[in-house]
S.K.: 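Can you keep this structure in mind? I'll have questions shortly.
Each chain gets a letter, A, B and so on, in the order the sequences are listed, and its residues count up from 1.
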Amino acid sequence: MSDSEDDIPLSQINNGPIISKASTLILNAAPIDDSTPDPSEARTSVTISASQDKESSEDSDDIPLTQRKQQLETEKTLASDSDDDIPLADKRAATKQIMKQESSDDDDIPLAKKRKVQAKAKEVPVSKVASSPKRAASTVSTPAPSKKAKKDEVSKKKLKKEEEEREIYRWWEEQTSQRAGDNEDGGDGVIRWTELSHYGVLFPPEYVPHGIQMKYDGKPVTLTPEAEEVASFFAALLESDHGKNPTFQKNFFSDFREVLAKNPKNPRLERFDKCDFTPIWHQFQLDKERKKQLTKEEKLKLKEERQKIEEPFLFATVDGRKEQIGNFRIEPPGLFRGRGDHPKTGRLKRRVYPEQVTLNLGKESPIPPTLPGHKWGKIVHDQQATWLATWKENINDTSKYVFLAPNSSWKGQSDMKKFDKARELKNYVDKIRASYTADLKDKLSEVRQRATAMYLIDRLALRAGNEKGDEEADTVGCCSLRYEHVTLEPPNTVHFDFLGKDSIRYENTVQVDHQVFKNLKLFQNQVGEGHAIFDRLTTTGLNKHLNSCMPGLSAKVFRTYNASFTCQQQLDRLTNADDTLPDKILSFNRANREVAVLCNHQRAASKSHAQQMVKIEDKIRTIKYQRMKLRKQLFSLDASIKKKRPDLAEDESDLDDDWIMQHDIDTIAKEREKVQTKFHKQNEKRKADGEPLQPDSELKDRLAKVEDLKVQLDKERGGDISVAANMTVHKLLDRIARLDDRLNATKIQATDKEENKEISLGTSKMNYIDPRIIVAWCRSYDVPMEKVYSKTLVQKFRWAQDIPDDWKF
DNA sequence: CGTTAGACTTGGAACAATGTTC
DNA sequence: GAACATTGTTCCAAGTCTAACG
C-alpha cells in the first residue's frame, strides 16, 4: 500500500461539492424508462433523456468535478436544436442495464408472506442470554468481597433485561389482518385502542423569581415576577443568534411591554436599546458554573429527584400493555424560537395550564390528578386517535400533542407501513415514470405541470411544498417553487436555489430531460418573477393523482423510496466481505451520507472543524514519523529486510524535514513543560502533606534528561539510528504492523470527518432508510448492530429485526 | 371546489452523557 | 481527573397530508 495514494481522497473530497454529487446520484438512482408507449411520437425527447441518463450515471462513477464540467461544456457546444444528431448506440444498453439491475432486486415476495418469517425471532433472546454469562464470567477475577454483590447485580440486570424482553409487544409477529393501520384505505375509521390509561401530562414548575435587576437607561429597575420571568427569557438568549436577531428583539420587546403594562408596579420601558439584560445573563452564567461544579453525588441526587417526579408519567397502558410515552411534558413558557426569517420569532410563548389541556383516555380509566386548584380542560375518548393529550400553543394557534414513544407499537406499526409503502412503489415506479414522461407533453398545462413536478420530486427527492401563509417563514418545496428559485441554462441545465424546510438552503445544479427543461422555461415565462412556477398545481391535486397511480401514494413516499433505494444500492456497491470492521463502518457511513445528501440534510459545521482537521492530520503524521523510525531501526538491525519487504523500504509520504524538525521541537517543548508542571504539582502535594520539598536540583536532573532526549532526536534526524539492546526484528515488525493499523484507522476517521462536516446523517437514518436494509446488511457483513444504531434506534426498529438474512429493499 | 383544522412525521439545534486525551 | 470532543437524547418547530367545513 502506498501512502501517497491513500492520501488523495481526503483532499479531493473537499473539492467535490455536494451539489454535483446529489444530482448524479439521483439521476442514477432513477433510470428513465425508454420504452414509451408511442415511440414515434416520443422519440426525440425520450432518446435524449436516455442519453443523459447514461452520461450522468457515468458521472457518478467518481469522475472528478473538473472533468464533469468539461463534459457539460462539450455538451453545450454540441447541442443544437435538432435533437436527432446525438448518437446513442450503446447508450440504450447502459440504461437497460440499470433497469435490469433494478428489476432483479425485484425478488418481491408478497409482503404478507414475508412478515411470517419468524425463524429469527427465537434467536434474538438467545443471543441476549448468551451475552450475559460472558459478563458474569468476566467478574470472576474481581476481588472476593465485591464478587457476590457484583454477581447479584449482574443477575439482577439479567433478570430485568429478560423481563423487559418479555414485556415487549411483538406485534409484528401477529396476523397482519388484526392490526390497525394495515388497512389499505388509510387510517380512517380505524379503532386504535379499546383501553387507554395514563397519568396525564407534567407541567413545568411555577416561576421562582431570582430578584436580579435588569437595567434601563443605565439604572436598575424592579420588575414584578411575571415581567422578570419574561426579561429572563431574553437574558438567557442574549449571546445567541436569536438574541441578536432584530425581528426577535422587536417581537420580544413588544410582548415584554405588554406584560409590563399589566401591572402598574412595573416601570415603563420605551426603548429596547436602553434595556440592559446583562446582570441577569451574568447570573445565569454563574448558575451554570455552579451546576457544573456540583459533586457526583449531588448530581446523582438531583437526577433521582427528577426521575421520581417523572416516574408516573413514563408509561401508558394500551389494551393492557405497557407502552412508553414520548413527550409527557407540557412545553414550558419561553420566547418562540422560529427558524429562518420567521415573522413571529421572539414572541412570548405563554405558560399552559390544565384548563387548556385535553386528555384522551379510555372511558373506564381514572382521570389523573393535576395541579392543585386546577382542572383539566376536557377529557375525550377518541379511539381513532393515538394522542394522549393535546393543547393549543398561542403563537401560531397550532396543536401540540403528547404521543407514545418511537419504540411503541403505534409508532412502529406506522413506521413499518411507511416503509412497506415505499417498497411497494418499487413495483409501480417504472410505470409511473413512463406515464409522467408522456405527460410532460400534455396539452393541458395542469397535467404538464403535474408531470414536471413529479419528475422533480422523483429525481431530486424534493418535498411536496404546501402553500404557506404570510405569518410564516418564506420557504418552499416543489409545488411552491417560484420563478426566482430556478435558473435555466440551455440546453438543459437547471440551477436550483431556494430555502426549504427549516430555511435550509437547497442549492443544486442538474441536467434534466429536455422536455422538462422546455416546460420549466415555458412555465417561468408565463408567471414571471415572484410567482409560483406551477401555478395550476396544488399539493392536494398532485397527491390525488399520485393516489390514482398507486393506492396510498403521496409525494413524500418518493423521498422515502429514493432514500431507501439509494442506501441499499450504495451498501451493496461499497461493502466488501473481507474489509476490516472500520472499513465496513466507513462504507456504511458513506451510504448513509449519500442518502443525507440526496435529502439535503445539513448541519452547521462546527466552528472548530478546520482546527480539528489540522489536529488529526498532525496525528497521522506523528504515526508516520514513529513508523519511519521503527523502519530505520529495523534496517539497521537487518539490512536484508529491505529486499524481503519492499513495502517497508518505501518512504512515508508528506513527512518533510521541516515538519520533522518542528515536530521534534514541539515534542521537546511539551516534554519540558510536562516535567515542570509535574515537579511543581508534586511539591505542592508534599507541602500540603507537610513533607520536605524536592530540591531544585531534582528538577534540573529531570530537565537534563529531556535535553538528552533532544540530543538523541537531533542525532536521529542526522541519520544516526540507535536501537535498544533488547530489540529484535520480530518485535519491530510487530510494532510496525500495529502502527499501520492505527494509521489506517486514523486515516479513515479523518476522511469520514471531512466528508461529514456539513452533513447530518441522523435524520435519514431515523426517518428514511428502511431499517430492514440495515439489519440485513449488519447480518451479512457481521457488523454488530450497535455500531450503526444507537440504543434508542435499536429499540425503535425492533420490528425490523426479525427478517431473513437476504432481505432486500 | 378552495380553505382550514387536525394529526401525524420530519428536522436541526440545544443540551446531556459519555468517551478520549493530556 | 479535568478539559475537551463526540455521540446520543430531548426539545419543539416545521413540514406533509387527509378530512371536514362552508
S.K.: Using a cut-off of 4.0 Å on non-hydrogen atoms, how would the nucleic acid contact of A:N466 be classed: base, sugar-phosphate, or nothing?
M.R.: base

S.K.: Sub-3.5 Å donor-acceptor pair from the side chain of A:S760 to the main-chain atoms of A:H601, do we have one?
M.R.: no

S.K.: So, is A:K418 close to the B:dC8 phosphate, meaning a side-chain N or O under 4.0 Å from OP1 or OP2?
M.R.: no

S.K.: A:R339 has a side chain; which of C:dC12, B:dT10, C:dC17 sits nearest to it?
M.R.: C:dC12

S.K.: Is A:T386 close enough to B:dC8 that one of its side-chain N or O atoms is under 4.0 Å from OP1 or OP2 there?
M.R.: yes

S.K.: Work out which heavy atom in A:P343 is nearest to a heavy atom in A:T247; give both atom names and the distance.
M.R.: O-CG2, 3.9 Å

S.K.: Are OP1 or OP2 of C:dT9 and a side-chain N or O of A:S790 less than 4.0 angstrom apart?
M.R.: yes

S.K.: A:K292 has an atom NZ; how far is it from atom P of C:dA2, in whole Å?
M.R.: 13 Å

S.K.: Categorize A:G762 for me: base, sugar-phosphate, or nothing, with a 4.0 angstrom heavy-atom threshold over every strand shown.
M.R.: nothing

S.K.: Choosing from C:dT16, B:dG11, B:dA7, which nucleotide comes nearest the side chain of A:D502?
M.R.: B:dG11

S.K.: Pick base, sugar-phosphate or nothing for A:K344, based on heavy-atom distances below 4.0 Å to the nucleic acid.
M.R.: nothing

S.K.: I need the NZ-P distance between A:K765 and C:dT7, as an integer number of Å.
M.R.: 10 Å

S.K.: Please give, in whole Å, the distance from B:dA7 C1' to A:W193 CH2?
M.R.: 15 Å

S.K.: Let me spell it out: for each of A:L793 and A:I330, pick the nucleotide of DNA chain C with the closest heavy atom. Which residue's pick is nearer the 5' end?
M.R.: A:L793

S.K.: Can you see if the side chain of A:T763 gets near the phosphate of B:dT10 - specifically, an N or O under 4.0 Å from OP1 or OP2?
M.R.: no

S.K.: Side chain of A:S554: nearest nucleotide among B:dC8, B:dT10, C:dT18?
M.R.: C:dT18

S.K.: Can you measure A:E239 atom CD to B:dA14 atom P for me and round it to whole angstrom units?
M.R.: 14 Å

S.K.: Over all strands shown, is A:I504 touching base, sugar-phosphate only, or nothing at heavy-atom distances under 4.0 angstrom?
M.R.: sugar-phosphate

S.K.: Counting distance alone, no hydrogens or angles: does the base of B:dT10 have a donor or acceptor under 3.5 Å from a partner atom on the side chain of A:K501?
M.R.: yes

S.K.: Please verify the inter-ring angle class for A:Y199 with A:F313; under 30° counts as parallel, over 60° as perpendicular, anything in between as tilted.
M.R.: perpendicular

S.K.: When you measure from the side chain of A:R329, which nucleotide among B:dC8, C:dC11, C:dA13 comes out closest?
M.R.: C:dC11

S.K.: Which of the following nucleotides, B:dA16, B:dG11, B:dC8, is nearest to the side chain of A:R559?
M.R.: B:dG11

S.K.: Identify whether any heavy atom of A:G477 sits under 4.0 Å from a base atom; if not, whether one sits that close to sugar-phosphate; answer base, sugar-phosphate or nothing.
M.R.: nothing

S.K.: Want to settle it: does A:W387 or A:K288 sit nearer the 5' end of DNA chain B, counting the closest nucleotide to each?
M.R.: A:W387

S.K.: Any side-chain N or O of A:H342 less than 4.0 Å from the OP1 or OP2 oxygen of C:dA13?
M.R.: no

S.K.: Tell me which nucleotide among B:dT10, C:dC12, C:dT9 gets nearest to the side chain of A:K556.
M.R.: B:dT10

S.K.: When you measure from the side chain of A:K411, which nucleotide among C:dG15, B:dG12, B:dT9 comes out closest?
M.R.: B:dT9

S.K.: What is the separation between atom CZ on A:R192 and atom P on B:dA7, rounded to the nearest whole Å?
M.R.: 13 Å

S.K.: Would you classify A:P406 as touching base, sugar-phosphate or nothing, given that sugar-phosphate means primed atoms plus P, OP1 and OP2, and contacts are heavy atoms under 4.0 Å?
M.R.: nothing

S.K.: A:K787 has an atom NZ; how far is it from atom C1' of C:dT7, in whole Å?
M.R.: 13 Å

S.K.: A:F403 side chain: which of C:dT9, B:dC8, B:dG12 is closest?
M.R.: B:dC8

S.K.: Which of these nucleotides, B:dG12, B:dA16, B:dT9, is closest to any side-chain atom of A:S414?
M.R.: B:dT9

S.K.: Could you check how far CG of A:L546 sits from P of C:dC17, rounded to whole Å?
M.R.: 9 Å

S.K.: Hey, are A:S409 and A:E323 close enough side-chain-wise for a donor-acceptor pair under 3.5 Å?
M.R.: yes

S.K.: For A:F336 and A:H342, take the angle between the two ring planes, folded into 0 to 90°, and tell me which bin it lands in: parallel under 30, tilted 30 to 60, perpendicular over 60.
M.R.: perpendicular

S.K.: Select one nucleotide: of B:dA13, C:dC11, C:dA13, the one nearest the side-chain heavy atoms of A:E331.
M.R.: C:dA13

S.K.: Quick one: label A:K299 by what it contacts on the DNA or RNA (base, sugar-phosphate, nothing), any heavy atom closer than 4.0 Å.
M.R.: nothing

S.K.: Looking only at side chains, do A:D287 and A:Q285 share a donor and an acceptor under 3.5 Å apart?
M.R.: no

S.K.: If you pin A:K544 and A:G326 to their nearest nucleotides in DNA chain C, which one's is more 5'?
M.R.: A:G326

S.K.: A:R463 side chain N/O closer than 4.0 Å to the phosphate oxygens (OP1, OP2) of B:dG11?
M.R.: yes

S.K.: So, A:E331 and A:K400, do they make that salt bridge, N to O below 4.0 Å?
M.R.: yes

S.K.: A:Y768 side chain N/O closer than 4.0 Å to the phosphate oxygens (OP1, OP2) of B:dG11?
M.R.: yes

S.K.: On DNA chain B, compare the nucleotides closest to A:T538 and A:A604; which residue's is nearer the 5' end?
M.R.: A:T538

S.K.: Any ion pair linking A:D241 and A:R337 (charged N to carboxylate O, less than 4.0 Å)?
M.R.: no

S.K.: Using a cut-off of 4.0 Å on non-hydrogen atoms, how would the nucleic acid contact of A:T475 be classed: base, sugar-phosphate, or nothing?
M.R.: sugar-phosphate

S.K.: What is the distance from CG of A:N543 to P of B:dC1, rounded to the nearest Å?
M.R.: 17 Å

